[in-house]
Amino acid sequence: MALFALPIGLPEPDPVAHRVALEHITELCVVVSLMGAGLAINRRAGMRAWSTTWRLLGLAMPLTVAGVAVAAALLLGWPAGAALLLGAVLAPTDPVLASDVHVGEPVDAENADDEVRFALTSEAGLNDGLAFPIVYAAAVAVAGGTGWLGEWALMDVLYRTAAGIVSGLLIGWLLGRLFFRAPSSGLRLSERRDGFVALAATFLSYGVTELVHGYGFIAVFVTACAIRRAEHGHGYNNVLHGFVEQIERLFTAWLLLLLGGFVAVGGLSGLTWRGAAVALLLLLVIRPLTGWLAQLRGPAGPRERLVISFFGIRGIGSLFYLTYALGQAGFGVPAEELWAVTGFTVVASVVLHGLTATPVMRRVDALRDRAETSSPAAQPAP
């Protein structure tokens with residue numbers, strides 16, 4: 001914001017005028033970050049091991065969409081299609097920002113990820129793709145009628161989600177065999193230790209899945225998890241993850257610079273107090289409440305549930321979905337107003353969660369270490 005406020009003639013970042021370019025930039029950043037998130041997760045997938053994740057995806061996310069849509073309809077007076085779109089745009093949590101609340105580098109131990117970091121990382125890795133059906137529903141809902149519901153449920157919900165999962169599993173399995181178990185050492189890419197191969201894996205998974213009309217975001221994350229499972233403790237996983245993380249940080253810094261410029265040149269001029277209220281309701285009430293309710297009787301303890309519920313970080317994924325949706329249909333609301341509410345939400349999330357992530361996670365880690373030290377199992381035998 002400070003840079004763009006200087007009188008040095010920088011071009012104004014206009015997401016409406018440069019919608020197509022911004023769509024591809026944010027799309028690229030998200031798919032790269034999804035590969036990194038999948039490679040970093042140490043816990044094997046399963047119904048019980050990923051219980052918190054399934055709760056956040058199956059309960060917290062749809063409740064968040066509904067809560068934001070109702071708030072937009074009541075406070076802003078937006079039509080149903082635009083209100084549903086805002087819910088879909090702001091529902092996904094971000095796999096890019098606030099690394100303090102995400103899992104770190106790949107390690108050998110499968111139980112190395114604490115429940116808070118694992119839940120937030122796995123949730124962000126999957127809900128970026130699961131927002132697509134809601135975006136499609138908002139786009140066709142503006143035309144009115146209900147004749148689209150059957151095709152939407154079969155194609156946009158069932159087929160494209162299943163295609164993303166299956167494609168990701170197959171490509172991840174094939175790449176895992178190629179990386180670690182190819183019969184010839186010349187084909188075994190893990191022997192060469194080239195990190196940029198992670199980008200090839202990302203684009204291959206995303207491109208093939210999009211060609212068969214599946215959700216590429218889901219496929220990339222599933223591919224990364226499948227590659228990791230091929231040789232869980234192999235050092236090449238760290239090489240791949242390290243390279244992807246550097247690329248992700250470059251894109252994130254660039255996009256945050258543009259977001260600051262958007263605010264500095266008046267991008268929030270279309271924001272009203274009602275729009276700001278919707279954003280703050282999401283960050284301070286809707287997400288914490290739905291996240292807490294979704295985790296009741298789950299594996300996370302009360303303190304962990306509170307932290308997981310609060311850190312529903314919004315970021316690059318929301319910017320992508322808005323640019324994508326505005327290229328699909330008109331929603332009866334000026335694009336500048338949609339951008340003002342979304343941009344303010346992301347900025348508020350960056351500030352709020354960015355300032356609190358480090359101290360909160362340090363406190364959580366300290367309390368966990370203290371509990372583990374004082375537990376009877378940790379006491380030395382007499």
Side-chain angles (χ1 to χ4, degrees), residues 26-43 45 50-65 88-106 113-132 134-135 161 164-165 168 202 206 215-225 228 241 244-245 248-249 251-252 255-256 282-283 286-288 290-291 294-295 300 304-305 307-321 345-346 349-350 352-354 357 360-361:
T26 52
E27 180 182 31
L28 185 59
C29 184
V30 171
V31 296
V32 169
S33 68
L34 291 174
M35 176 60 70
L39 289 170
I41 289 179
N42 298 300
R43 192 179 302 186
W50 287 45
S51 174
T52 303
T53 307
W54 308 138
R55 290 165 174 267
L56 292 172
L57 295 174
L59 294 174
M61 184 176 179
L63 289 175
T64 299
V65 173
V89 165
L90 296 181
T93 55
D94 199 86
V96 180
L97 301 174
S99 58
D100 278 347
V101 299
H102 291 164
V103 297
E105 296 182 352
D113 300 335
D114 64 86
E115 195 65 27
V116 173
R117 290 183 173 88
F118 167 76
L120 292 171
T121 304
S122 56
E123 178 197 16
L126 287 170
N127 66 11
D128 269 308
L130 294 176
F132 261 114
I134 311 171
V135 172
T161 302
I165 295 172
T202 302
Y206 188 73
Y215 290 133
F217 283 1
I218 294 177
V220 170
F221 182 75
V222 173
T223 294
C225 292
R228 182 71 196 283
H241 176 265
V244 168
E245 187 177 39
E248 171 192 316
R249 289 178 182 273
F251 276 113
T252 303
L255 287 168
L256 289 180
L282 166 65
L283 298 177
I286 297 174
R287 161 64 189 200
T290 58
Q295 296 178 76
E304 293 174 319
R305 287 201 298 268
V307 176
I308 293 170
S309 303
F310 175 72
F311 283 108
I313 303 165
R314 269 60 189 175
I316 310 303
S318 295
L319 304 182
F320 165 76
Y321 275 116
T345 305
V346 174
S349 179
V350 168
L352 173 65
H353 297 124
V360 167
M361 293 309 298

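As a basis for the values below, the full set of heavy atoms in this structure was taken, side chains included, without hydrogen atoms, waters or symmetry mates. Every value quoted in this text rests on a predicted model; they were computed, and no experiment measured them. In this chain, numbering begins with 1 at the start of the sequence shown.
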What's the separation between atom [atom1] in [X] and atom [atom2] in [Y], rounded to the nearest 0.5 Å?
X      : Y      : atom1 : atom2 : answer
Arg55  : Arg305 : CZ    : CZ    : 9.0 Å
Leu63  : Leu56  : CG    : CG    : 11.0 Å
Ile308 : Thr93  : CD1   : OG1   : 11.5 Å
Leu59  : Gln295 : CG    : CD    : 10.5 Å
Leu39  : Cys225 : CG    : SG    : 8.0 Å
Leu28  : Ile316 : CG    : CD1   : 11.5 Å

Could you walk me through whether Asp113 and Thr121 pass the side chain to side chain contact (heavy atoms under 4.5 Å, CB included) check? CA-CA 10 Å; Asp113 300 335; Thr121 304; over 6 Å; no
Between Ser318 and Asp94, is there a side-chain donor-acceptor contact under 3.5 Å, judged purely by atom types and distance?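 Per modelled atom types, Asp94 and Ser318 side chains form no pair under 3.5 Å.
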[X] side chain near [Y] side chain, heavy-atom distance below 4.5 Å:
X      : Y      : result
Val32  : Val244 : yes
Val307 : Met361 : yes
Val360 : Phe311 : yes
Ile41  : Phe221 : yes

Only one of Thr53, Asn42, Thr52 clears side chain to side chain contact (heavy atoms under 4.5 Å, CB included) with Phe118; which?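 The side chain to side chain contact (heavy atoms under 4.5 Å, CB included) with Phe118 is passed solely by Thr53 among Thr53, Asn42, Thr52.
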Output all residues satisfying side-chain contact (heavy atoms from CB on, under 4.5 Å) with [X], sequence neighbours left out; order by chain, then residue number.
X      : result
Phe132 : Tyr136, Tyr215, Phe217, Phe320, Tyr321, Tyr324
Val222 : Leu169, Ile218
Thr202 : Val31, Met35, Val220
Pro288 : none

Going by the rule salt bridge (Lys or Arg N to Asp or Glu O under 4.0 Å), which residues pair with Glu27 if we only count those two or more places apart in sequence or in a different chain?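 Glu27: no salt bridge (Lys or Arg N to Asp or Glu O under 4.0 Å) contacts found.
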Where the side chain of Ser349 meets the backbone of Thr345, is there a donor-acceptor pair that is under 3.5 Å apart?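 Looks like no, no N/O pair under 3.5 Å.
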Look only at the side chain of Arg287 and the backbone of Ser309, and say whether a donor-acceptor pair between them is shorter than 3.5 Å.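 Yes, the answer is positive, given that a donor and an acceptor are paired below the 3.5 Å cut-off.
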Decide, yes or no, whether a salt bridge links Glu123 with Arg117 under the criterion of side-chain N to carboxylate O below 4.0 Å.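 No, no charged N to carboxylate O under 4.0 Å.
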Would you check, one step at a time, whether the test side chain to side chain contact (heavy atoms under 4.5 Å, CB included) holds for Val89 with Arg314? CA-CA 9 Å; Val89 165; Arg314 269 60 189 175; over 6 Å; no
Closest approach of Trp50 and Ser122, non-hydrogen atoms and distance?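 Scanning both residues, the minimum pair turns out to be CZ3-CB, 3.8 Å.
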Can you sort out the partners of Phe310 under ring-ring contact (aromatic ring centres under 6.0 Å, His included), two or more places apart, ordered by chain and number?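 With sequence neighbours excluded, Phe310 shows a ring-ring contact (aromatic ring centres under 6.0 Å, His included) to His353, given in chain and number order.
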